[in-house]
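Encoded as structure tokens, the structure appears first; notes follow it.
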Amino acid sequence: MARFVLKRLLYMLITLFIITSFTFFLMKLLPGSPFNNEEKLTDQQKFILNEKYGLNDPVPVQYFNYMGNLVKGDMGVSFQYDNRPVSTMIAERIGPSAVLGVEATIIGTIIGLILGIAAALKHNTSIDYLSSLIAVLGISIPSFVFAGVLQYYVGVKLEWLPVALWDGPKYHVLPALSLSVFVIATVARFMRTEMLEVLGQDYITTAKSKGLSNLVVIWKHTIRNALIPVVTILGPLAINLITGTLIIEKIFAVPGLGFQFVSSITLNDYPVIMATTIFYSVCFIIVILIVDILYGVIDPRIRVAGGKG
Amino acid sequence: MSMHEKQLNNDLFQPAVRSSDDAEKITKESTSFWQDARRRLFENKGAVSGLIIIVAILLLAFLGPLFSHNGFDDQDTSRTNLPPRVPVLEKVGFLGLDGVDIRGVDQYKMKNQKDNYYWFGTDALGRDQFVRVWKGTQISLYIAFLAAAIDMVIGVAYGAISGYYGGKTDNIMQRIIEILIGIPNLIVVILMILILDPGILSITFAMVITGWTTMARIVRGQILKLKTQEYVLASVTLGAKSSRILTKHMFPNILGSIIITSMFTIPSAIFTEAFLSFIGLGISPPTASLGSLVNEGFKSLQIYPHLVLYPAVIISLIMISFNLLGDGLRDALDPKMRK
């Protein structure tokens, strides 16, 4: 087990190193510098400024400086917002995104589990078909379309909830709901398949023939066993939440990291783009690592296979 | 004649001749795996409707623009923001296809366009939305085709080589994939587009880099499983070349998994392109993509809902039908389901 975790950690470091290096050299390839927009500066002043920020050094030197700073958590300064440090910008923006992500995960998992379990218990009835329909629609309909529909009907037409912005719990409902659709669909689908699989097992027949009540059989023997592999969908869900927040925050004007990322792309604010990229990748890699380790803990077969390699 | 009147006598019966040959005879024609799969696919209503919608959209995407005499970027400020108006259907009031906008003004009358019909309306620059939507659909379909092709070529080849040759080759190739999988696809795509300038080419390029890893992993797993099968070992013993074993013995057996995997790659690729265009990174104007059309439509959602309606409905339809077809194919091709 320890060897397995160590191996994963090593991969994580290699991946991180590749991503940061890749991002750094891309940054050097991109046109523009922090001071090109300032037309009043003379060449002499530009040179001094470049010197101050270490931009006159050869690229390899800059690379080692950047990597060194990155380890210390310093990601450079924004081109657009008066040289504000990017790390503080990320720190300010991560709150709403994280809240939104957690809310969407909770809503999505609860509704998804209910739908999936109901569908499996009422296999091949209208409830099952309805749940499958919701799952297909949830996976298929792009989040920006769904968010737009919600915003238009609930926000604009019915005026039940605020259309956009981020100012208290009322403002969380629509974005969190839009973000949770994919979670609902994925969890429901997965849970249904797992439940059906478990329901066909011999130990369920045994439990029933022991005379256990239906509730005990379903709750203790079926749902518990079916829940274990749900861990495997955490990875894809994490990716989707990251992509999702980019769109949902733009549509609902939530002042989160995704919104900042999208606007930094339109403003060509390279340091912010790069730092956010690295930040997202780190989150992503950590989730993958946790999922991989959980796999190993839950399923001994994977642990053995992983330990060998 | 009722049953009682009919007498049963021995003349009505003949002894059945039993020969040992007949006992072994298979009376029903045997069905191959693919015939069986096709039957199961066509029994699946969801998959069939998905297939029909895909074909319909495919036809409309290429034939649709021909119905209009306007190009996708023909601007005309005398006909801006016209609501949809369709001949015949304009008489059916509740469909909202009569050229009257949500304030109740007949825009066609107001802008002296009485003889013109814009089936999906026009946008803020007076461009024919019908043509633009189908042009955007073409891009989505191009992306779908491209994603499947990348999967089939790079993914299958990489996975097959890695799984078949095994040993050191496999080890190195798998390490590369493990690192690639650790990098979020979308991030790579966004970075590629930033240096290459937004456009269909950079999306293509970014997808070539990132799109094939799942397929490679699945193909490798399948090949590893097949490698130890008796018929493959027999073929090796008889001196068959690697290329023959791979193409003749292994490939037909993993074709099902390949089809299933690429069917699920397609909708996610279509979504990626629409998503990128939506946040302004994908297709750049004046070229239209379904994602960028929805994005533009959002700006005037309250006044001109028709601008967002059609591209949104069509991208949703495309995604739903590819997912339905993918589900159907998975059920049809999964040997575990074969009875």
Side-chain angles (χ1 to χ4, degrees), chain A residues 8 11-12 14-19 22-23 26-27 29-31 132-133 135-137 139-149 151-152 156-157 163 185 189 235 238-239 242-244 246-247 250-251 258 261-263 265-266 268 270 273-274 276-278 280-281 283-285 288-289 309, chain B residues 46 50 171 174-176 178-198 214 264 267-268 270-281 290-291 294-295 297-298 301-302 305 308-309 311-324 326-327:
Chain A
R8 305 290 345 169
Y11 275 132
M12 183 178 145
I14 296 175
T15 316
L16 264 182
F17 174 75
I18 291 178
I19 294 173
F22 181 67
T23 349
L26 276 183
M27 204 148 118
L29 278 177
L30 288 167
S132 302
L133 182 73
V136 169
L137 292 184
I139 286 178
S140 306
I141 295 180
S143 42
F144 52 83
V145 172
F146 188 77
V149 170
Q151 196 178 37
Y152 186 62
V156 179
K157 283 258 158 133
V163 176
R189 260 188 168 197
I239 308 170
I242 291 178
T243 341
L246 295 185
I247 302 180
K250 179 182 149 84
I251 294 178
F261 187 53
V262 176
S263 54
I265 289 169
T266 21
N268 283 337
Y270 300 133
I273 301 174
M274 297 305 163
T276 322
T277 305
I278 295 172
Y280 276 140
S281 310
C283 296
F284 179 75
I285 291 167
I288 297 270
L289 178 74
Chain B
N171 228 329
Q174 284 315 300
R175 294 301 86 82
I176 295 174
E178 269 173 59
I179 288 167
L180 277 178
I181 286 175
I183 307 171
N185 270 357
L186 189 77
I187 301 284
V188 179
V189 174
I190 289 178
L191 289 178
M192 295 313 300
I193 289 169
L194 280 176
I195 43 165
L196 294 171
D197 294 331
T214 320
F264 286 100
S268 71
I270 293 177
F271 172 74
T272 307
E273 185 278 319
F275 162 82
L276 289 169
S277 302
F278 182 79
I279 64 172
L281 266 181
L290 291 176
V294 173
N295 186 28
F298 261 129
L301 179 65
Q302 289 194 50
V308 82
L309 179 69
V313 166
I314 285 165
I315 183 112
S316 304
L317 268 182
I318 294 177
M319 296 280 292
I320 292 169
S321 26
F322 271 111
N323 272 320
L324 283 175
D327 280 350

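Keep in mind that this is a model prediction, so the values were computed, not measured. To find a chain, count down the sequence lines: A is the first, B the second, and so on, and within it residues start at 1.
Across B/A312 and B/V294, no two heavy atoms sit closer than the pair N-CG2, 3.8 Å. Taking both residues in full, the closest heavy atoms of B/G291 and A/F144 are given as CA-CZ, 4.4 Å, listed atom of the first, atom of the second, then distance.
By the 4.5 Å heavy-atom criterion applied to side chains, B/M319 and A/V145 are not counted as neighbours. Contact of the A/I141 side chain with the B/F271 side chain is not registered, since no non-hydrogen atoms from C-beta on lie closer than 4.5 Å.
Put simply, of B/S268, B/S316, B/S321, the one with the most heavy-atom pairs under 4.5 Å next to chain A is B/S316.
Neither the backbone nor the side chain of A/L16 comes within less than 4.5 Å of any heavy atom in chain B. In this structure, chain A has no heavy atom under 4.5 Å from any part of B/N171. A/I139 touches chain B through backbone and side chain together, each having a heavy atom under 4.5 Å away. Only the side chain of A/F261 has a heavy atom closer than 4.5 Å to any heavy atom of chain B.
Each of A/L246, A/V262, A/I251 was evaluated against B/F278; a single residue qualifies, A/I251, per the side chain to side chain contact (heavy atoms under 4.5 Å, CB included) test.
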